[in-house]
Structure formats: C-alpha cells, structure tokens
Amino acid sequence: MYIYNNLSNRKERFIPCEDNQVKMYVCGMTVQDKPHIGHMKSFLTADVMRRYLEYRGYRVKLVQNFTDVDDKIINRANQEGVPYLTVANRYIEEYYQVSDRLNIRRADIYPRATEHIPDIIALIQRLIDKGVAYEAAGDVYFAVEKHPDYGKLSNRSIADMIEGTRKDVQSNKKHPLDFALWKAAKPDEPHWDSPWGKGRPGWHIECSAMAMKYLGETFDIHGGGLDLIFPHHENERAQSEAATGKPFAHFWCEGGLLEIENTATKKVEKMSKSLNNFFAMSDILEKFEPDAVRMFLISGHYRSPLNFSEARMAEAKARLDRLRETFRNMSFILKDFDDDATLDVESSEPEVKELYEKAKAVREKFEAAMDDDFNTAQAMAVLFDVAKAANTFMASRQERFSSTDKRVLDYSRGILQDFLHVLGFSDAIFAEDTRATDITDDLIQILIEVRKTARMEKQWAIADTIRNRLEALGIALEDRPGGETRWKWK
RNA sequence: GGCGACGUACCCAAGUGGCUAAGGGAGCGGUCUGCAAAACCGCUAUUCAUCGGUUCGACUCCGAUCGUCGCCUCCA
C-alpha cells in the first residue's frame, strides 16, 4: 500500500520497520478545553488507518499522548481557582467519553506529559550532552542551527523563517528560532526539579520522549493535524533525531483541518480554540448520532480540509440512513433465514449473478481505494454501489424471494457489514434498534392490524391518524407492495 | 512578504495523459401506493476556475492569472 508522506511530499510504498508490526504515534490533545469535532477528525482518521492496517494483517501499536501541563491549562486552572490537574483530568475524561461514543478504538497507551518528567529530563540531558541544546537562566533551548535538517518537514529554511519572525522580547535564546525544551518555573506554577533548577517541560519534548519510550527511537507513522507540522512536528523531529542520530518517524501523516464558515465575515476558517469558533464534540453528539459524524468525517480525503456545517452533517446522516434502509430491508427478508447451503451462482438467474459479482468485487475495490493513501471517499463509493445493487435486486423481486435470492442477499449483507466495520462504523447501522423492545413491537403490531382493518374498509382518516400519531412518536410505517406493513424508528 | 495545499454539476466529493468524468445529498419526472414513506427507473458537468504551452491527444503534465484555505505565534 501507499501512504502520502509529508516529509517527502509524495506517496511512498508503506513498509513497516518490523515485519508485521506497525508503530504509530498520534499527537493528542493539550487538555485545556473540551475536545471539538476538529480534534476528533484527527483521531478518527488515525482510528481508520489503524483499523485498515489491522485488516491488512499488521499488528498495530498506537500511542496517543495527552499534554497535560502548559500555559493555557495553568491559566484556566488559575481562573477557576483549582489545581491544573483538575482541569486536565476533566478534559481527559471528556475526551475518553466522546472518543468511545465515536467508536474510536482505544489507543494502546495514552501517556501523559506529567507522568514522564524523568524521561523528558533524560532526553533533554542527552541533547545538552550532544551539544545541540543549551541552558540559559534555568531554561533549556534546542539550538536550531546545530541541526542541518531543520525545516525539512515543513518545507522551509531557517533563513525564510527569520524574516517572518517577530522580535522575541525574552532573549535567553542564542538564536530567535531556538525553542524551549525546559522552562524555568515562574512563581506559583507547577514545577519539577531538574538539573537546571525547578521548571517544567516545553511543548514539544514530551512527544519525543514518550514516543521513544513506547515505540522506540524509530517508528512507522506519526499523525496529527496539519497545523502541527510547524512548529510542533518539525521540532519534535529535530530534537529526536539530534538525540538519537536515527530517523524518528518514517511517515508523517498530518491530516487536513476542519473548517467552518464565520457567520459574520462569511469567510471559511479553521475551527480552533483560539478563534473560539469550535463546536464541542459532546454538543454535536447531542444532535447527531456517532456514525453520522464518522460518515461526515470520512466523506472526503483525510488530507483535505473539511468544511463543517449542520447541513453537511444532515447530509452525512442521510447517507447513513440510506445504508441503514438497505440493511433494514435485507433484515426483513432474511428474518429467520438460516441456511448454510452454498450459493450456486453459475446456475442462477442473471440478477442473482449480478448482485453476487458486485458484492464479490468489493474486497478488491475497497482494498485498492484504501491502499491508495486511505481513500475513504472512494471506499465508501464502493460500498454504496453494492447497497444500490442490493436495493435494485430487492425491488426486482416483488416481495417474493427464493432461497437463492436470500443467499445472495445474505452474502451481500455480510460483505457490507465487514467493510463498514473496517471503516469503524458501529453495529448500530445494521443491528435492530435497541429501543424496540418486544412489547413495543407487539403494541405497534396491534396498531398496524387495526389500521389494516381500517384501510380495508377505506377508513382513510382512521388509518392516517394511526400513522400520524405514531410518526409523532418517531415511528414510521411503511406499506409494502404485498400488503405487509413494516415499522421502524425514524 | 515566504512556504504549502486546493479550485470537478445546485451542494458535498472521488478520479484518470486517450474507452460512458465514481459515489452521495438535493431537485424534477415516472413506477409502486387510497395517500404517504422507502425503494427502483430516468433526468440534472459536450465539461473539470481562467488564459497560454507541451503532446497525435489534457480535466489530468508545465507556466501565468484569478480565487479559497493553511502554516510562518498557541492550535488536532
């Protein structure tokens, strides 16, 4: 398979460092506020990559950090008058909640910066010993000019960057682009003892220390948002490779940002905490189901920006409903279908053969799409193709299905389920709605029968009242061509 | 100003140096239906921002122009 590498600016053949093992690090959140849907785009992207890699037979070790000490967390804690870890823990907890609801599989390890201070100090010391970092008044800085490769990931040269740099007031730095590995503690700040006095880690170093600790000095894939390329990932790479003399991550896979239209200026801009234009993931989940969010987030390519709006979410929901409808219709037909005879395609009718061929081709087409830098949009199109074919097939049958018909539908359903799972959709799409308890079903069946009688007597007002009242409760009735009436939650 | 990405139908969105430019949403017409809903069938890009160039041939490669976005400061 091929994955786009931001380091080389092109797609490269993906070959893991170790045979069957993929080691992956995703830059997690600085837990200063609620996770918003832009954050979750990154993590859901990583989740899809991981699931597909596993589908492909790799064992994946995924590490995703929490940066739980930084200026903004400290500020927020001061405003609230609580310890900084209270703030951090609160948002970490919320992260887990929304992540679980989105069916994002848990990473293998979620290391936290504050729990790795000794590792961080050791790494900084290593850099000082190598002569690429220096201490100045209790701070420690990485000397950018000592690292010849600096700027490669973000495609810029030190000279270019200096032009755009504002004058830095604090001048413990030897070079304006040098960045802090360790910051001397200001009064009343959280701090730890270190060889350079009391202080706390700078922003980038924790990722290097923790990635190396859990994945080794070289690993396969480094993910995160595109806005992290500079300075975060550039600095991470520089300090890591300066320390070890080895490549840090092989593939740098930063994803496109979530954008949103500014209602005042009509301009599209990235969703971020600093612009205060974000939609908390928890709020969106009040309104839209998790699978619809997933459908929305994978509707384009992960490297492209994605524009958020309620209308787009509603569209994603409609896409999801289309698939769900197909599954519902299959389920009605396959109710009590329990037959493990093999499908004899050769002697089947052309319609059966056609659906079978469509479903059978999914594996190859889906893999071709996903092997090409995780093209989820293409992959979804492949699945929609089969859903359409199944719908067409079902519509062609006038509600009478032979066991061969059922076999090919069962086969198609299995294929669709398998591949929707690979993309991380939950069983909620194809499983029966859990709100439908048996008694509910019985009660609705009674109403359906009453309505049926009314319809036979052409008492349309009664029939429609039943349907409308149920509709108001979120229950939709469908009269099928054969005279059968089905119900579903809307 | 520097670096990078992008501009495909009403909307979202994949894609390819030459075979009908995927898929979805929305709309319209039809089938089915007492009416709906859902589904199915048909229609909605002679064209891929604009202008040049390379080529037998480009939407796809190159250049310019216009537009949008991101990074250059904290940010998934």
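These numbers come from a predicted model, not from an experiment. Chain letters run A, B, ... following the sequence lines, proteins first and then strands; every chain starts at 1.
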Determine, for [Y] and [X], whether the Lys NZ or Arg CZ falls below 6.0 Å from the six-membered ring centre while staying within 45 degrees of the axis.
| X | Y | value |
| --- | --- | --- |
| A:Arg486 | A:Phe332 | yes |
| A:Arg76 | A:Tyr91 | no |
| A:Arg156 | A:Phe230 | yes |
| A:Arg324 | A:Phe430 | no |

Touch class at under 4.0 angstrom, heavy-atom based, for [X] against every strand present:
| X | value |
| --- | --- |
| A:His301 | sugar-phosphate |
| A:Leu257 | base |
| A:Met380 | nothing |
| A:Leu258 | base |
| A:Ser299 | sugar-phosphate |
| A:Thr30 | sugar-phosphate |
| A:Gly28 | sugar-phosphate |
| A:Glu269 | sugar-phosphate |

Ignoring the backbone of [X], work out which of [options] is nearest its side chain.
| X | options | value |
| --- | --- | --- |
| A:Phe230 | B:A13, B:C71, B:C11 | B:C71 |
| A:Ser304 | B:G25, B:C69, B:A14 | B:A14 |
| A:Met29 | B:G24, B:A76, B:C72 | B:A76 |
| A:Met161 | B:C72, B:G23, B:A76 | B:C72 |

Without decimals, in angstroms, what is the distance between A:Gln378 CD and B:G15 P?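 The answer, rounded to whole Å, is 6 Å.
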Can you give one letter per nucleotide of nucleotides 29-42 of chain B, 5' to 3': B if a protein heavy atom sits under 4.0 Å from the base, S if only from the sugar-phosphate, - if neither? -----BBBBSSSS-
Would you call A:Asp47 and A:Arg294 a salt bridge, taking side-chain N to carboxylate O under 4.0 Å as the test?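 Result for this pair is yes, salt bridge flagged.
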Does B:C69 have OP1 or OP2 sitting under 4.0 Å from an N or O in the side chain of A:Lys267?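 Indeed, a polar side-chain atom of A:Lys267 lies that close.
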A:Lys317 vs B:G25: side-chain N/O to OP1/OP2 distance below 4.0 Å: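 Checking B:G25 against A:Lys317, no side-chain N or O comes under 4.0 Å of OP1 or OP2.
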Using ring centroids (six-membered ring only for Trp), state whether A:Phe66 and A:Tyr110 fall under 6.0 Å.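 Between A:Phe66 and A:Tyr110, which both carry aromatic rings, the centre distance is below 6.0 Å.
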Modelled atom types, side-chain donor and acceptor of A:Asp291 and A:Ser426, under 3.5 Å: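 Yes, a side-chain donor-acceptor pair sits under 3.5 Å.
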Given the C1' atoms of B:U16 and B:C48, what is the spacing between them in whole Å?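 12 Å, rounded to whole Å.
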I'd like to check A:Ile260 versus A:Val268 (side-chain heavy atoms, cut-off strictly below 4.5 Å). Are they in contact?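 They are not in contact (no side-chain heavy atoms under 4.5 Å apart), so the answer is no.
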For residues 374-386 of chain A, tabulate all N or O donor-acceptor pairs below 3.5 Å that involve a side-chain atom, not counting sequence neighbours.
from, atom 1, to, atom 2, distance (Å)
A:Asn375, OD1, A:Ala377, N, 3.4
A:Asn375, OD1, A:Gln378, N, 3.0
A:Thr376, OG1, A:Ile298, O, 2.9
A:Thr376, OG1, A:Gly300, O, 3.3

List the atom of A:Glu94, the atom of A:Pro35, and the distance in Å for their closest heavy-atom pair.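 Minimum heavy-atom separation between A:Glu94 and A:Pro35: CG-CD, 3.8 Å.
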What base-paired stems does RNA chain B take part in, with at least 3 consecutive Watson-Crick or G-U wobble pairs and both distances under 3.5 Å?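 Detected stem regions: B:1-7 with B:66-72, B:10-12 with B:23-25, B:26-31 with B:39-44, B:49-53 with B:61-65.
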